[in-house]
There are 2 protein chains.
Amino acid sequence: VPPAPAAPAPAPAQAPAPAYGSAGEALTGYLQEQATAFLRGLSLRGESETGADVLLRGSARRIAGVLHTYAPLTDPAWAEPLRSELGWLSTTLGREPQYVGRLARLREALRRLSASGVVEPVLATAPAGAPAGPPEQPPATAPSSGNGGPLALGAARAAALLERQLTLARTRAHSAALQAMGSSRFHGLADSLAVLASEVPLTAAAAGPATAVLPPLAKQTYQRLADAAGALPLHRAAHPYNAEAVQASLGAELTADLQDAPWHQVRVLLRLSRYAAEVPGAGAPGVPGAPDDLRYAEAATLLQRHREAAECAAAVAAAARTPRIAPATAYALGVLHADQRHEVEAARFAFSRLWQQPAPPVPAQGARGE
Amino acid sequence: VPPAPAAPAPAPAQAPAPAYGSAGEALTGYLQEQATAFLRGLSLRGESETGADVLLRGSARRIAGVLHTYAPLTDPAWAEPLRSELGWLSTTLGREPQYVGRLARLREALRRLSASGVVEPVLATAPAGAPAGPPEQPPATAPSSGNGGPLALGAARAAALLERQLTLARTRAHSAALQAMGSSRFHGLADSLAVLASEVPLTAAAAGPATAVLPPLAKQTYQRLADAAGALPLHRAAHPYNAEAVQASLGAELTADLQDAPWHQVRVLLRLSRYAAEVPGAGAPGVPGAPDDLRYAEAATLLQRHREAAECAAAVAAAARTPRIAPATAYALGVLHADQRHEVEAARFAFSRLWQQPAPPVPAQGARGE
């Protein structure tokens, strides 16, 4: 359909619904766009690994997510193995940035917790990225009654220990990612995406109009999100300083995992919902429960912070199990662990307040995040 | 100038003002009541030390506080040494219950933090009140990678360490209190209070009517409270999870002290204000700034919680400086320290919310707390 000559004013008056075509066309268009982004990321990798990986992971996650939500529209024999490979790739590529983020978050937390500024100069001279050698020598002077000196020294040593461990983990993740990118498994995946860019194997259900076929499928995803978020202890979390997330600090690690898992699950469903809404025609007005992007983007940020803090707390607990660390180091790690569990609690608080606000009446479709 | 005969006016019509008499009479009545309570506490001591000490400390604090607020009404050569001795006594008697409360609070916090319940059974077998012997043996098995086991063991050992240290401190405080009660210094104080029960040396200013003389003096105390509370960082504290109180966790102890001191000062001024308002005639209607007792009682509870958490955090930091503790113990102490600093923050949050509510219009005089 050739575009009509731009008439006088706010062109299509009350905006007639955009022509999305069939569900298959809308989905194919979106998948091809993402596959193109993936291939562009691949070609960019020589210049900027970090920037390219953001593209690669973002498009891999979007393709996998959308194939999941709109599963009835594509051939499962093609879609399911592809989703599985995309999951493998985004996990593999995601590890290094996770360690980078974790170290930055913990460094910042230690800086904040050491208001006296004792940590900074010591950290500056710590051998960043040095191989993980002997864990730690006992302190030259035994901790004794004083005004915080030995404990502040512990903060510096905890920082150095985390720096070593997370830098080592990062280096390993980097090697693993490089190895994965050179593997025949990766080349097989890249080939699949190159093919996808030209042809998506659709089912008969994809022949219906996009605005009739996509919204009910998207709605199922939104509903799963609404159900999962509704099952969270939002009422308790919305009460500040409830100390729930910290309960797990000294319990078995299982406690934290059990407590955090439903929140992580909501984070994943939120992402699925946002990707589902990105397909043209899916977020057509009048679909109840469709995500309002601004609110969803903020919720996603909060649950991302929740996850990072939870993982940082786990990393600190792991560091505390390093043999032969000094008591002052262990003490600082304990403070840091509790601090990160409080960050978990703070993220839950903010999410609960946001989520319990009444939803805006009309769903909007807009900016793409993450 | 003799007051003009009250014209037609609203004066006695709207419920005749209670006859408080002169300021000196009102103050003397209150002081005698408190001195009697003190002497009753003294005679009760044979039966119930704890109950008696609550009476002794309560009346000692009230007499000292009221002598401070209404200082212009009594002979300073008599009042000032008496206040000083009362301060010595309430401090001396207050130490033991403080250690008891501190241990209870830390025990409860460790229980809460060890959601797995690992602490409880070990604590039950810990030799409560045993002398502080060798601080701790190294753990039979070095902390190694596992699922929280060694760290949970650390919680149990931290509990046992705190139990030992605080029980020892309690025992010492108990002995010091007993010694103080048998001293000639104490007998001198008891004699002063017995004399006070029959005669308070007043100044000329005390001859005026209670409702004219007392309110302006009380108001000065309320004003000091209002100024000190107004200078607190209430705006920041009212924002949950601001992490300010935890900043001090790994800094020099001075940081915590500097940060906490203004809050402790408000706690003391709040108590002074409540005692000042207890004197009959002091809280006469129409005195702006007179404390509304319910709100003040709640504020006092919150600032008491603030102080207890701050002192618990300091006790935990002190325990962490015990030589040769195991890293797992130190880790648990670090978690506990941060937890208590978060309790400090939570108390500030609640106080800020309470204090920033608009004050009720008419001051009430009522229940006596603390």
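What's counted below: heavy atoms across the whole structure, side chains too, no hydrogens, waters or symmetry copies. We name chains A, B, ... by the order of the sequence lines, and we start the count at 1 in each one.
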Inset, instruction - Determine the minimum heavy-atom distance between A/Leu110 and B/Leu250, stating which atoms define it. - result: CD2-CD1, 3.8 Å
Legend entry - For A/Glu308, side-chain hydrogen bond (donor to acceptor under 3.5 Å, both in side chains) partners two or more places apart: A/Gln304
Inset, instruction - State whether the number of non-hydrogen atoms from other residues, nucleotides or ligands found under 6.0 Å of A/Gln179 atom CD is greater than 12. - result: no
Legend entry - A/Arg236 atom CZ, neighbour heavy-atom count above 12 within 6.0 Å: yes
Inset, instruction - Could you pull out all residues at least two apart from A/Phe349 that satisfy ring pair (Phe, Tyr, Trp, His ring centres under 6.0 Å)? - result: B/Tyr241
Legend entry - Option that, when pairs with chain B are counted at under 4.5 Å, heavy atom only, ranks first among A/Ala350, A/Ala338, A/Ala346: A/Ala346
Inset, instruction - Give, for atom CG of A/Asp339 and atom NE2 of B/His337, the distance between the pair rounded to the nearest 0.5 Å. - result: 11.5 Å
Legend entry - Which atom of A/Gly334 lies closest to which atom of B/Val335, heavy atoms considered: O-CG2, 3.2 Å
Inset, instruction - Give, for atom CG of A/Leu336 and atom OH of B/Tyr331, the distance between the pair rounded to the nearest 0.5 Å. - result: 8.5 Å
Inset, instruction - Could you pull out the closest heavy-atom pair between B/Ala330 and A/Pro327, with the gap in Å? - result: CB-O, 3.1 Å
Inset, instruction - With a 4.5 angstrom heavy-atom cut-off, could you sort out which part of B/Glu345 is near chain A: side chain, backbone, both or neither? - result: both
Inset, instruction - Taking atom CZ of A/Arg102 as the centre, report whether more than 12 heavy atoms of other residues, nucleotides or ligands fall under 6.0 Å from it. - result: yes
Legend entry - For chain A, the option from B/Arg112, B/Gln259, B/Arg341, B/His342 that forms the most heavy-atom pairs under 4.5 Å: B/His342
